[in-house]
Amino acid sequence: MTVVTRFAPSPTGFLHIGGARTALFNWLFARRHGGEFKLRIEDTDRKRSTQPAIDAIIDGLKWLELECDGEPVFQFSRMERHAEIAHAMVAAGHAYPCYATTEELAEMRAASEAEGKRFQYDGRWRDQPQSAAPAGVRPAIRLKAPETGQTVIDDLVQGRVTVENAELDDMVLLRADGTPTYMLAVVVDDHDMGVTHVIRGDDHLNNAFRQAQVFHAMGWDLPAFAHIPLIHGADGAKLSKRHGALGVDAYRDMGFLPAAIRNYLLRLGWSHGDMEFFTTEEAIRLFDLADVNRAPSRFDMIKLESVNSHYMREADAETLLPENFALVEAEIGRPLSEVERQRMTDGLPSLQSRAKTRIDLKTGSLIYVDGGPKALAPKAAALLQTAEAQSALEAGATALAAIGAAQWDAAAIEAALRDAAEAEGLKLGKLAQPLRAALTGSDASPSLFEVAAILGPVETLARIRKAQAQQAPVPSY
RNA sequence: GGCCCCAUCGUCUAGCGGUCAGGACGUCGGCCUCUCACGCCGAAAACACGGGUUCGAUUCCCGUUGGGGUCACCA
């Protein structure tokens, strides 16, 4: 039997981080077993389902590189099939029409609340003959659930979970308007799609019992269930927007890499010994539901950043550069010249090891734009404001100007600057920091020698002269 | 509140009866060093509590406490 998993979000919002992890686990499990990973859009709630949400889910999965097998199934389009099953269940005596009015239901709810118990339908139409049906009222169809005994789920993550059938009431399968409820639709779709493993958030664990009853009533094979713990916010409460339960598009915009997000999500609630980093191949080979933790875990943005910076360092130029050019161009509001692109390409290794995110990389790349960063960072401005700094700039400029254009490289620049520092009786840092401020507009950057080498003699000298012109020395006392 | 689930450093976790309770992120020192990162070295930091079972419990059982989930003609 081939493994079939599915990711079944309702399109009422973006693809958030928890959903992304659920999708990842489903995808990994399917790939691990050479099976299929399907997407089902649960859009039966017409009021809340939107096309933008559907797009966000599909785009999000695509960005995360979790490709689905086959076309997505839209649950709403299968409404007739769901209704057909509901009626078959009535015919088989596993379900029955219920004519209880909204008012009666409200009374039942009030009554159970008064007793301090949860709401349970009292089954008043369960054994009524057809003749008792009031004229002109369309009934809802309810499951004739077992009243005694227990329903058991052997969950792949949670273990054996048992609930007394007396705890479960006769739930609605088909609404009075003929539309299916989620409980019915899920079961019918999972069965029809051949889903073998239902891997989802454990907020659905309670639903699994009710769904199992429908499977049993229909005589269908029960899929295996794996209810994975939810992701919580830093404060331990259910993850909300406030905590970073943003759409995956937001993480993309913050400059995170899909591989990093996948790796972070994989290690949230799952582990394989002490391993922290997994290639996609390793993740597929090693993923096992038995290693999924049963406790909820907290979302930690700092750790995500750390994982991302690891992937930033590992990434090759091909995955980093094109998008980086686009980000820089958006920042400066014009296309990059070939020279500028070449500088950023040459400077990439040093830049990427300093970047936690693509945004950091973009910001760092600005030193290679003609003229350098627009504004001088406060600390850099301070570095330039002393008379010593001005003489250091002058000494540096003189030393650099003496290097022939043909000999202009990092090694020659380093040698010239070290010599100049020695001649001036300065520690290299005293000479380098003002120069760094002049060249990069910052007190922190990749190697000064490398930056100057990449910038070339003309741009390098121009930036130093500009810094000299702009910074009137402040007298020191 | 009923039902269900969960419980190791601040966080993510390893552990599957006998360990100096390991790793990662973060934090704090230090090294490297033209700055910042990287890298390296080191430090502080956890078995929620109470009963059992056992020669021996972080590990098995029960309870307490705490946390979470769920209780619709929403999904």
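Numbered from 1 within each chain, the chains take letters A, B, ... in sequence-line order.
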message = If you define the side chain from C-beta out and look only at heavy atoms, does anything of A:D300 sit under 4.5 Å from A:Y264?
response = yes

message = Can you identify which nucleotide, out of B:C73, B:G68, B:U70, has its nearest atom closest to the A:T181 side chain?
response = B:C73

query = So which nucleotide from B:C12, B:C5, B:U35 ends up closest to the side chain of A:S297?
reply = B:C12

inquiry  = Working note: A:H82 + A:D189, criterion side-chain hydrogen bond (donor to acceptor under 3.5 Å, both in side chains); need CA distance, chi angles, decisive distance, verdict.
reply    = CA-CA 8 Å; A:H82 301 145; A:D189 290 347; 2.8 Å; yes

note = Under a 4.0 Å heavy-atom criterion, the protein footprint on nucleotides 19-28 of chain B, written with B, S and -, is ---BBBSS--

ask   = Does any donor atom in the side chain of A:N324 or A:S365 lie under 3.5 Å from an acceptor atom in the other side chain?
value = yes

ask   = How far does the C1' atom of B:U65 sit from the matching atom of B:G50, given to the nearest Å?
value = 10 Å

Base paired to B:C71 (Watson-Crick or G-U; both N/O distances under 3.5 angstrom) = B:G1

message = Looking only at the side chain of A:N293 (C-beta and beyond, no hydrogens), which of the listed nucleotides B:A37, B:C4, B:A14 gets closest?
response = B:A14

request  = Determine the Euclidean distance between corresponding P atoms of B:C5 and B:C9; express it in Å to zero decimal places.
outcome  = 23 Å

Distance below 4.0 Å between A:R142 side-chain N/O and B:C73 OP1 or OP2 = yes

Whole-Å distance separating the CZ atom of A:R210 from the P atom of B:A75 = 13 Å

query = Think A:R109 has a side-chain N or O under 4.0 angstrom from the OP1 or OP2 of B:C71?
reply = no

query = Hey, does the side chain of A:R294 come within less than 4.0 Å of B:C6's phosphate (OP1/OP2), counting only N and O?
reply = yes

request  = Give the nucleotide from the list B:G68, B:C73, B:C36 with an atom nearest to the side chain of A:A444.
outcome  = B:C36

message = One pair to check against side chain to side chain contact (heavy atoms under 4.5 Å, CB included): A:R78 and A:V73. What are the steps and the verdict?
response = CA-CA 9 Å; A:R78 296 178 37 80; A:V73 170; 3.6 Å; yes

inquiry  = Less than 4.5 Å apart, side chain to side chain, heavy atoms only: is that true for A:L393 and A:I464?
reply    = yes

query = When you compare B:C12 with B:G68, how far apart are their P atoms, in angstrom units rounded to a whole number?
reply = 14 Å

query = Is A:P446 touching bases, backbone alone, or none of the nucleic acid, heavy atoms closer than 4.0 Å?
reply = base

inquiry  = With rounding to the closest Å, how many angstrom separate the C1' atoms on B:A46 and B:G51?
reply    = 23 Å

ask   = What nucleotide among B:G69, B:C5, B:A37 has an atom nearest to a side-chain atom of A:N206?
value = B:G69

message = Nearest whole Å is fine: how far is B:U70 P from A:H232 NE2?
response = 9 Å

key: Any side-chain heavy-atom pair of A:E147 and A:N165 under 4.5 Å   = no

request  = Specify whether A:H16 and A:F14 have parallel, tilted or perpendicular ring planes, treating 30° as the upper limit for parallel and 60° as the lower limit for perpendicular.
outcome  = perpendicular

key: RNA chain B-proximal residues of residues 38-50 of chain A, any heavy atom under 4.0 Å   = A:E42, A:T44, A:D45, A:R48

query = OP1 or OP2 of B:A14 sitting under 4.0 Å from any side-chain N/O of A:S271?
reply = yes

Charged tip of A:R142 within 45° of A:Y96 ring normal and under 6.0 Å = no

ask   = Where does the angle between the aromatic ring planes of A:Y311 and A:F277 fall among parallel (under 30°), tilted (30 to 60°) and perpendicular (over 60°)?
value = perpendicular

remark   = When rounded to whole Å, the CD to P distance for the pair A:E107 and B:A72 reads 17 Å

inquiry  = Measuring from the side chain of A:A140 (C-beta onward, heavy atoms only), which nucleotide among B:C34, B:C73, B:C3 has the closest atom?
reply    = B:C73

ask   = Of the nucleotides B:A75, B:C5, B:A72, which has the atom closest to the A:L205 side chain?
value = B:C5

ask   = How long is the line joining NE2 of A:H204 and P of B:A75, in whole Å?
value = 12 Å

inquiry  = Counting the benzene-type ring for Trp, do A:F215 and A:H191 have ring centres under 6.0 Å apart?
reply    = no

query = What is the base-pairing partner of B:G26, counting Watson-Crick and G-U wobble geometry with both distances under 3.5 Å?
reply = none

key: Sole candidate of A:V328, A:L348, A:L321 that passes side-chain contact (heavy atoms from CB on, under 4.5 Å) when paired with A:L361   = A:L348

message = What's the gap between B:U8 and B:A48 when it is taken at their C1' atoms, as a whole Å value?
response = 11 Å

key: Sugar-phosphate, base or nothing in reach of A:M171, heavy atoms under 4.0 Å   = nothing

query = B:A72 C1' sits how many Å from A:D170 CG, rounded?
reply = 15 Å

query = When rounded to the nearest Å, what value does the distance between C1' atoms of B:U54 and B:U64 take?
reply = 23 Å

task = Start with the C-alpha distance between A:R138 and A:D177, add both sets of side-chain angles, then the distance that settles salt bridge (charged side-chain N to carboxylate O under 4.0 Å, His left out), and finish with yes or no.
result = CA-CA 7 Å; A:R138 295 194 63 183; A:D177 66 3; over 6 Å; no

key: B:G39 pairs with, by Watson-Crick or G-U criteria that keep both distances under 3.5 Å   = B:C31

query = Pick the nucleotide of RNA chain B nearest each of A:F209 and A:E414; which residue has the one closer to the 5' end?
reply = A:F209

task = Report the distance from atom CZ of A:R298 to atom P of B:G10, rounded to the nearest whole Å.
result = 11 Å

query = Base, sugar-phosphate, or nothing: which does A:Y264 touch, judged by heavy atoms less than 4.0 Å apart?
reply = nothing

query = Are A:E388 and A:K430 close enough for a salt bridge, meaning some N to O gap below 4.0 Å?
reply = no

key: Watson-Crick or G-U counterpart of B:A7, or none if no pair lies under 3.5 Å   = B:U65

inquiry  = For B:G18, give the paired nucleotide (Watson-Crick: N1-N3 plus N6-O4 or O6-N4; G-U: N1-O2 and O6-N3; both under 3.5 Å), or none.
reply    = B:C55

note = Taking B:A75, B:C34, B:A14 as options, the one with an atom nearest any side-chain atom of A:Q433 is B:C34

key: Sub-4.0 Å heavy-atom contacts from residues 80-90 of chain A onto RNA chain B, ordered by number   = none

request  = In whole angstrom, give the distance that lies between atom CD of A:E103 and atom P of B:C73.
outcome  = 14 Å

remark   = Contacts of A:G269 and A:A295 projected onto RNA chain B by closest heavy atom; the upstream (5') one is A:A295

query = Is any side-chain N or O of A:R354 under 3.5 Å from a base N or O of B:C36, one able to act as donor and the other as acceptor?
reply = yes

message = Using atom P in both nucleotides, what's the gap between B:U33 and B:C49 to the nearest angstrom?
response = 47 Å

task = Mind telling me whether A:Y251 and A:F256 have parallel, tilted or perpendicular rings, with 30° and 60° as the class edges?
result = tilted

key: Non-hydrogen side-chain atoms of A:P9 and A:L39 separated by less than 4.5 Å   = yes

inquiry  = What's the gap between B:A21 and B:G29 when it is taken at their P atoms, as a whole Å value?
reply    = 28 Å

request  = Indicate yes or no: does A:K303 engage A:E305 in a salt bridge with an N to O separation below 4.0 Å.
outcome  = no

query = Quick one: A:L268 CG to B:C6 P, roughly how many Å, whole number?
reply = 18 Å

request  = Remember a base hit wins even if backbone is also touched, and classify A:A185 as base, sugar-phosphate or nothing at under 4.0 Å, heavy atoms.
outcome  = nothing

